[in-house]
Amino acid sequence: MLNTKEQISTQPPIAPYLIGLNEKQTIAVTHTEGPSIVIAGAGSGKTKVLTARIAHVLKENKATPNQILALTFTNKAAAEMRHRIEQVVGDQAKALWLGTFHSVFVKLLRREAAALGYPTYFSIYDSEDSKSLLKQLIKDLNLDDKVYRLNVVLGRISHAKNRLISPQSYAADALYQAEDMKMRMPRFSELYLRYVQYCSRAGAMDFDDLLVYMHKILYTHTELCKKYQQTFRYLFIDEFQDTNLVQYKIIQKLAEVHQNICVVGDDAQSIYAFRGADIQNILHFTRDYPHHQMVKLEQNYRSTQHIVDTANHIIQHNESQLKKTVWTDNTQGEPIQLVKAMSDLEESRMVVASILAQKRKHGLVYQDFVILYRTNNQSRNFEEALRKQNIPYRIVGGLSFYQRKEIKDFLAYLRFVVNPNDASSFKRIINLPKRGVGAVTLDKIFTLVHEKGETLWHVLSHLEQFLTGAAVVAIRRFVAFISSVADQLALKDAYTLASYVAKESGFLKELYEDKTIEGLTRYEHLQELLNSIKQFVDHAADTDPSLGSFLQEVSLITNGDQDNVGEDVVTLMTIHSVKGMEFNHVYLVGMEEELFPSAMMLGSKTDLEEERRLFYVAVTRARLKVIISYALSRYRFGKLSHTQPSRFLKEINLEPNALSVTATAPRALSAINRSDQTFGDLKVGSSVKHAHFGEGKVVQLVDTEDLYKAVVFFSSVGKKTLLLHYAKLELLPTR
DNA sequence: CATGGCCTATTTTTT
DNA sequence: ATAGGCCATG
């Protein structure tokens with residue numbers, strides 16, 4: 001690009017956001033019209049391109065911010081993107097339609113809820129809500145929960161929804177029916193139907209519904225569809241390889257009029273097939289848009305040569321992949337290191353010891369490190385080891401604040417006020433605090449709802465017509481209370497109403513009176529929640545400060561979103577949640593058969609290939625160094641079991657016993673002293689120049705726990721041992 | 001109707 | 001290891 005000075009002076013000034021882009025990136029950014037697909041290898045500047053492209057559209061006045069729709073998979077990615085666009089275009093960025101698929105669709109569905117027969121502030125059921133609902137339905141139908149396994153059933157429902165198979169068409173489909181028979185679940189269709197009916201009557205949508213109903217709006221409400229097709233002139237889809245059928249159909253429909261759709265993805269990083277993601281969408285895109293422009297970003301700017309090589313090596317073992325050569329001209333860096341531990345406990349200590357040593361040796365900060373694992377429960381040992389060493393850390397994922405029981409309970413209160421047909425929320429709170437309403441009364445109520453075909457709220461507010469007894473009196477009081485709050489919904493903001501409910505419902509008092517340590521924490525959590533509602537209201541200057549709006553927003557928050565960014569802490573998370581991020585040093589732990597690859601994924605080749613892509617994602621997060629660890633034994637289900645090193649290690653020629661890392665914790669990483677050792681570009685035999693001693697030749701490299709040393713033979717003074725952290729050695733070209 | 005103790009299944013990943 | 005379900009008891 002900017003090759004000579006003459007070029008700069010004769011050409012118009014280049015927009016600041018285009019500076020520093022390579023040739024391919026520039027094409028991807030500036031060809032804004034028509035369908036285009038960007039295949040972006042790991043670390044190839046994907047986000048940079050996507051944000052520059054949006055900025056370009058705005059700067060060239062091709063569209064106003066609210067005519068641009070940009071969809072990501074995580075809130076984090078959306079926030080990051082908005083931030084970076086803001087740096088280029090300023091406040092305009094605020095008006096972009098930019099967010100996760102789910103959060104953007106909630107906003108649209110809220111506007112169009114009436115067309116679907118849903119209340120404006122419909123409830124959103126998270127996976128836990130879905131689970132407990134399904135559990136109840138399985139019970140209601142007298143099905144054996146050992147055959148109709150919760151996770152299996154839920155997964156199947158989710159899968160059907162993501163493939164746009166309604167309960168009716170599911171029941172009519174011979175193939176699905178045959179599968180169900182094989183799995184001894186002949187009544188699955190019925191269960192699916194009931195589940196959908198329940199949600200619709202409760203005015204609730206689960207995560208999949210947000211997509212399914214968005215699809216429904218676009219494909220069955222022509223006028224509404226036209227409106228949005230006209231509105232969105234430019235569409236941007238991040239992590240395209242992880243889209244499923246509904247998502248693809250939605251964006252396809254939205255792009256139908258203007259055809260300005262840009263999808264960015266990397267087939268090598270597709271790790272969500274388990275929730276319906278279909279890499280085939282990349283093929284479908286090229287087929288559905290024959291005039292598309294395709295750009296492949298193959299230069300990696302993130303990682304060292306060693307890391308890029310290893311990553312390429314990993315992915316080569318997969319048969320199904322797009323042709324792509326990721327390369328880098330970064331320095332060679334250090335080889336991937338392997339740590340072997342005797343037990344899971346020792347593994348965690350060794351990793352933590354290694355972090356401390358690396359930090360000291362290179363003058364790093366905690367933020368440089370991430371510990372990645374396959375399953376959330378692996379975090380435990382590492383947390384303890386980190387705590388013991390007083391190392392600050394944060395965990396992303398796992399049990400989030402909003403999944404705590406007291407928080408879910410209170411949110412259920414608020415949800416029921418906003419949507420009094422939400423039966424799940426009702427059941428959750430009717431006896432919080434105790435109101436003497438038992439299972440029998442509840443059963444009667446739900447039978448009535450079912451038989452009369454009335455809404456839950458109708459039955460509750462006319463209960464005297466149907467039932468008598470002490471419970472009825474209690475419910476009448478409860479109903480009166482809920483009504484009194486509901487009357488204020490349009491008048492008062494979320495915070496005012498929430499604190500009112502907390503006090504007047506007796507919920508806060510109940511928590512307050514529990515003086516155990518856990519009770520105290522629960523009380524604090526509730527206060528914390530109320531604070532966050534206050535914040536929500538304060539920040540909702542020109543948006544909707546209502547309780548309904550808060551509840552919908554909060555349903556889509558995941559842990560890690562609101563987390564303390566910028567603090568100097570070690571990060572712990574699953575490989576799935578690290579996607580899209582980068583760290584200087586990556587510790588990939590628990591590299592054992594049946595754990596990674598997971599025992600659940602050994603059954604089929606496609607599953608195994610997804611695990612391998614997961615491995616690829618983990619390794620490519622690192623800028624400088626990857627350290628992989630495994631243990632020879634591990635506690636599973638409270639029992640000690642022996643483990644085998646992962647097959648993936650052999651695939652990248654990291655033989656479990658190749659490196660003589662002593663396995664004694666916590667002073668674990670003893671000196672490695674090998675003739676083929678390299679430190680960056682420095683290796684035995686390298687010619688170097690030292691400020692005092694002049695030219696010399698490296699005869700030995702020593703890697704101790706917290707120091708790098710080099711033994712150099714200088715013609716002037718003979719052998720000297722130098723500490724690489726201090727000594728400034730200049731590498732001379734080899735002759 | 002609520003509580004406490006014992007039993008069992010559970011661990012794949014997330015919006 | 002631990003959470004949730006089931007049963008017996010208050």
Side-chain angles (χ1 to χ4, degrees), chain A residues 71-78 99-106 124-132 135 139 145-146 149-152 154-155 158 161-162 205-212 214 238-239 242-244 246-247 270-277 344 372-381 384 396-400 402-403 405 431 433-442 470-471 474 554-561 573-580 590 594-603 607-608 610-611 613-615 617-618 634-641:
Chain A
L71 299 175
T72 64
F73 271 78
T74 62
N75 295 306
K76 204 162 25 192
T100 63
F101 276 86
H102 294 82
S103 68
V104 169
F105 293 170
V106 164
I124 299 173
Y125 283 178
D126 65 19
S127 328
E128 265 184 73
D129 299 325
S130 301
K131 240 182 212 177
S132 58
K135 190 183 278 179
K139 219 172 186 176
D145 60 5
K146 299 222 169 45
R149 299 274 291 277
L150 210 49
N151 285 326
V152 175
L154 207 58
S158 172
K161 285 184 175 182
N162 287 317
M205 295 192 195
D206 67 15
F207 287 146
D208 299 320
D209 287 334
L210 297 175
L211 307 174
V212 171
M214 191 67 220
D238 191 16
E239 307 279 9
D242 284 328
T243 50
N244 56 34
V246 213
Q247 287 167 322
S270 162
I271 53 175
Y272 284 105
F274 71 91
R275 67 172 201 212
D344 50 349
L372 299 179
Y373 34 76
R374 178 65 178 82
T375 63
N376 276 304
N377 66 346
Q378 287 169 260
S379 70
R380 221 196 165 79
N381 288 334
E384 273 166 32
V396 179
L399 187 69
S400 90
Y402 293 96
Q403 286 175 303
K405 186 180 177 303
N431 276 315
K434 307 263 149 33
R435 290 188 181 83
V437 181
V440 182
T441 314
L442 287 180
V554 100
S555 314
L556 299 175
I557 290 181
T558 49
N559 195 350
D561 291 342
M573 61 179 130
T574 63
I575 306 168
H576 279 88
S577 37
V578 80
K579 192 157 76 146
E594 313 225 314
L595 187 57
F596 193 20
S598 156
M600 317 289 292
M601 297 295 249
L602 299 176
D607 281 351
L608 191 63
E610 175 143 319
E611 292 286 287
R613 289 192 294 270
L614 205 49
F615 185 24
V617 167
R634 179 175 298 274
Y635 275 92
R636 292 186 95 187
F637 310 139
K639 273 216 316 280
L640 190 70
S641 56

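Not measured: the values here are computed from a predicted model. Every chain is numbered from 1, with letters handed out A, B, ... down the list of sequences.
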Exercise. Quick one: A:Ile124 CD1 to B:dT14 C1', roughly how many Å, whole number?
Worked result: 16 Å
Exercise. At under 4.0 Å between heavy atoms, what does A:Phe73 touch on the DNA or RNA strands: base, sugar-phosphate, or nothing?
Worked result: sugar-phosphate
Problem set entry | side chain to side chain contact (heavy atoms under 4.5 Å, CB included) against A:Val104, all qualifying residues, sequence neighbours excluded | A:Leu69, A:Leu71, A:Trp97, A:Leu108
Problem set entry | Euclidean distance, atom CD of residue A:Glu128 to atom C1' of C:dA3 [Å, nearest integer] | 12 Å
Problem set entry | Sequence-distant partners of A:Ser598, side chain to side chain donor-acceptor pair (under 3.5 Å), two or more places apart | none
Exercise. Using a cut-off of 4.0 Å on non-hydrogen atoms, how would the nucleic acid contact of A:Ser103 be classed: base, sugar-phosphate, or nothing?
Worked result: nothing
Seminar exercise, completed: Residue set satisfying side chain to side chain donor-acceptor pair (under 3.5 Å) with A:Tyr373, at least two apart, ordered chain then number -> none
Problem set entry | With A:Asn381 via side chain to side chain contact (heavy atoms under 4.5 Å, CB included) - residues at least two apart | A:Asp344, A:Leu345, A:Ser348
Exercise. How long is the line joining CG of A:Asn431 and C1' of B:dC1, in whole Å?
Worked result: 9 Å
Exercise. Looking only at atom C1', what distance separates C:dG4 and B:dT13, rounded to whole Å?
Worked result: 23 Å
Exercise. Do NZ/NE/NH1/NH2 and the carboxylate oxygens of A:Arg613 and A:Glu610 come within less than 4.0 Å?
Worked result: yes
Exercise. Of all residues at least two apart in sequence or in a different chain, which pass the salt bridge (Lys or Arg N to Asp or Glu O under 4.0 Å) check with A:Lys639?
Worked result: none
Problem set entry | Length of the line joining A:Lys161:NZ and B:dT15:P, which is rounded to integer Å | 18 Å
Problem set entry | Summary of protein contacts for nucleotides 7-13 of chain B, nucleotide by nucleotide, where a base hit scores B, a sugar-phosphate-only hit scores S (4.0 Å, heavy atoms) | --SBBBB
Problem set entry | Atom pair distance, as rounded to whole Å: CG in A:Leu210 and P in B:dT14 | 19 Å
Seminar exercise, completed: salt bridge (Lys or Arg N to Asp or Glu O under 4.0 Å) filter on A:Glu239, not counting sequence neighbours, yields A:Lys46, A:Lys579
Exercise. Does A:Glu611 use its side chain to pair, donor to acceptor, with the backbone of A:Met601 at less than 3.5 Å?
Worked result: no
For this session: Return the set of residues passing side chain to side chain donor-acceptor pair (under 3.5 Å) with A:Lys405 (not counting sequence neighbours), or none when no residue passes.
Result: A:Asp409
Exercise. How long is the line joining CG of A:Leu211 and P of B:dT15, in whole Å?
Worked result: 13 Å
Pull out every protein N or O sitting under 3.5 Å from an N or O of nucleotides 5-9 of chain C, one pair per line with the distance.
unit_1: C:dG5; atom_1: OP1; unit_2: A:Lys135; atom_2: NZ; d: 2.6

